[in-house]
Amino acid sequence: MASSTNSAFRVRFAPSPTGYLHVGGARTALYCYLLARHMGGAFVLRIEDTDEERSTEESMRMQIADLEWLGLRWDEGPHPQTLKDLGPHGPYRQSQRKHLYQDYAQRLIKSGHAFYCFMTDEELEQQRKQAEASGQAQQILSPYRDRALSEAQARLARGEKAAIRFKVNPVKRDYVLNDLVRGEVVFPSDMVGDFVLIRSSGMPVYNFCCVIDDVLMQISHVYRAEEHLSNTLRQMMIYEALGAKLPQFGHLSIILGPDKQKLSKRHGATSCNEYRLNGYLPQAINNFIAMLGWSSPKGQEIMSMAEMTEQISLDRFNSSPAVFDDQKLKWVNASHLRALPDDELWTLIQPFLESAGIKVPSDTGWRHRALELMKPYMSTLADSVELFKPLARGSFQVLPEAQETLAWESSRAVVGKWMEIIQGHPKAHLSEEEFNAAQEQVKSSCQVKGKFLFMPIRVAVLGKPHGAELKILVPLLDKSELVARAQTVLNGMA
RNA sequence: GUCCCCUUCGUCUAGAGGCCUAGGACAACUCCCUUUCACGGAGUAGACACGAGUUCGAAUCUCGUAGGGGACGCCA
């Protein structure tokens, strides 16, 4: 990991606060964070809340909380708790930077790169329809682009509203972008019409804010989603008009659902928050989404944040879209989960057990043994609920899958004998050895062995013929509970 | 419609002209471990979208076709 500071390497993550943080956004943020740490540069969080209709303070807080949960700390941006600006390039919320955009828009008007446009919605709609009908490119060509500035100022003085549009040079030429993930991309300049910089409401538009902020915040590398690729042409034009240096761009592929369509709500969980609620670990989410479009040069699959930070580089990103595979995510999560120290794992499991109303003994020895036993069965924290249920009092039930075992001729006798032995046991708990001895007793008394011995006892303890090792499980349950369970099974067999 | 991007096993990917009879991982299947299941271990099966070209040689370079995605907003 590069430890020296590199003030020339500056990246930003710029979400718009309209809901929870999406896994796609999380991946962009992760790459930026990792790259910043690796290069010893700065990671900036900027809130793109210029869409007044959809942006909410609530969403911003949620996204900040999600980034915090993932452990993607930013060096500059809103403070995670107080939301106060952190860093020398603030404010970091675009809604608080309007004066800057206005300022730059005025400069562009003065330099002849922008103009006031008084087109109405109806006129715009009409132009669009005409273009559509004629099969031509649907670019806006504003009739106001070459009017005298004094004329516009007069109308403005009368209280009329106008948008500020960028004046695209009518002489066609190619703009060449050297994308960090896609290589050379060529855009013909007539791909776009005179696009809006500032809405008539005075609120600037994404493509404009983005450029102004990246320039002012001295962003050197812009990693963002592929859907912004064609926006880059507009942004290149603005950079050019401003005489500003272009940052390096890297357009990351999108993340798809199992049906190869862009990942969305109908595919199930897509927000980081949902994954948190479903018992996924932040380090697992990070690890998994990192591999959607990037791969370790060592071919490593399970990686810590430190390892990813060490191995990340500008140039290993994949340009083709990736399908989000829940199965593999589960495996990654399970791997990270099993690597967790027991104390830590227990702390994480606690809320899941609590909300499911599962009460288990509080002594650490018991917890330690229980965890060691259950770990191999757990792939998410939420799995602990089903796993620990059999260890809780009063939750016992015989599951349908136990019927086959119970139907064996000898099963009734085995369960009966088992109950009898436990009932007569002098202590409240059986040790592993005592359990083995009890099992031996049943064996000789009932004259059965193998699965005919083992499975019915398992059902009498767990209510099902599968699960963790009995010799560890049984000592975790107290005698009265074991008896009650055997009795329940016996009753059910009558 | 116009422009831009993408295309290696079911999925994530390795692969930068000969190291590729294409490697790894998840999932599947088989076996081992285990008096169950899981964990772990060993295997099996499974892909260069298609067609031309360049080259002694192409998954890798070029062009075309097909399919998928994106942009064309006073959304981001």
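Computed from a predicted model, the values in this text were never measured in an experiment. Chain naming here is simple, since letters A, B, ... match the order of the sequence lines and numbering starts at 1 in each.
With respect to A:Asp103 and A:Arg107, a salt bridge is recorded, a charged nitrogen being found less than 4.0 Å from a carboxylate O. Note on A:Lys389 versus A:Glu386: salt bridge recorded, some NZ/NE/NH1/NH2 to OD/OE distance being below 4.0 Å.
Spacing between atom CZ of A:Phe166 and atom P of B:rC74 amounts to 15 Å, rounded to whole angstrom units. The CG-C1' distance, from A:Asn318 to B:rA59, rounds to 14 Å in whole Å. Rounded to a whole Å, the CD atom of A:Glu184 is 14 Å from the P atom of B:rC61. We find that CG of A:Leu252 is positioned 13 Å from P of B:rC6, with the value rounded to whole Å. To the nearest angstrom, P of B:rG24 lies 12 Å from CD of A:Glu301. Straight-line distance from the OH atom of A:Tyr175 to the C1' atom of B:rC5: 20 Å, rounded to whole Å. Following rounding to the nearest Å, A:Phe317 (CZ) and B:rC5 (C1') show an atom-to-atom distance of 18 Å.
No contact: A:Gly193 has no heavy atom under 4.0 Å from any strand. Among the atoms of the strands shown, none is found under 4.0 Å from any heavy atom of A:Asp121. Residue contacts for A:Gly450: at a heavy-atom cut-off of 4.0 Å it reaches a base atom on one of the strands shown. Using a 4.0 Å heavy-atom cutoff across all strands shown, A:Val192 reaches no nucleic acid atom at all. Nucleic acid contact class of A:Pro465 (heavy atoms, under 4.0 Å, all strands): base. Counting non-hydrogen atoms under 4.0 angstrom, A:Ser253 reaches nothing in the nucleic acid. Residue A:His228 is in base contact, counting any heavy-atom pair closer than 4.0 Å across all strands shown. A:Arg182 comes within contact range of the sugar-phosphate backbone alone, with a heavy-atom separation under 4.0 Å but no base atom that close. Residue A:Ala468 is in base contact, counting any heavy-atom pair closer than 4.0 Å across all strands shown. Base engagement by A:Leu124 is indicated by at least one non-hydrogen atom pair under 4.0 Å involving a base atom. If you check every strand for non-hydrogen atoms under 4.0 Å, A:Arg316 touches sugar and phosphate atoms only. Heavy atoms of A:Met378 sit nowhere under 4.0 angstrom from any nucleic acid atom. Contact annotation for A:Ser16: backbone-only contact, meaning every heavy-atom pair under 4.0 Å involves sugar-phosphate atoms and none involves a base. When heavy atoms are screened at a 4.0 angstrom cut-off, A:Gln327 is found touching the sugar-phosphate backbone but no base atom.
Between A:Phe288 and A:Phe324, the angle of the ring planes goes over 60°, which puts this pair in the perpendicular group of the 30/60° scheme. Below 30°, between 30° and 60°, or above 60°: for A:Phe118 and A:Tyr116 the angle between ring planes is between 30° and 60°, a tilted geometry.
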(request) Kindly indicate, with the supporting measurements, whether the criterion ring pair (Phe, Tyr, Trp, His ring centres under 6.0 Å) is fulfilled by A:Phe187 and A:Tyr175. (result) CA-CA 5 Å; A:Phe187 303 107; A:Tyr175 280 75; 8.4 Å; no

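OP1 or OP2 of B:rU11 sits under 4.0 Å from a side-chain N or O of A:Lys260. Remark: A:Asn207 is not in phosphate contact with B:rC75, judged by side-chain N or O atoms under 4.0 Å from OP1 or OP2. Contact annotation: A:Thr50 reaches the phosphate of B:rA76 (side-chain N/O to OP1 or OP2, under 4.0 Å). A sub-4.0 Å separation between OP1 or OP2 of B:rA76 and a side-chain N or O of A:Arg54 is absent. Remark: A:Arg234 is not in phosphate contact with B:rG73, judged by side-chain N or O atoms under 4.0 Å from OP1 or OP2.
Comparing A:Asp325 and A:Met119 along RNA chain B, the residue whose closest nucleotide (by nearest heavy atom) sits nearer the 5' end is A:Asp325.
Not a single donor-acceptor pair, N or O on each side, falls under 3.5 Å between the base of B:rG69 and the side chain of A:Gln261.
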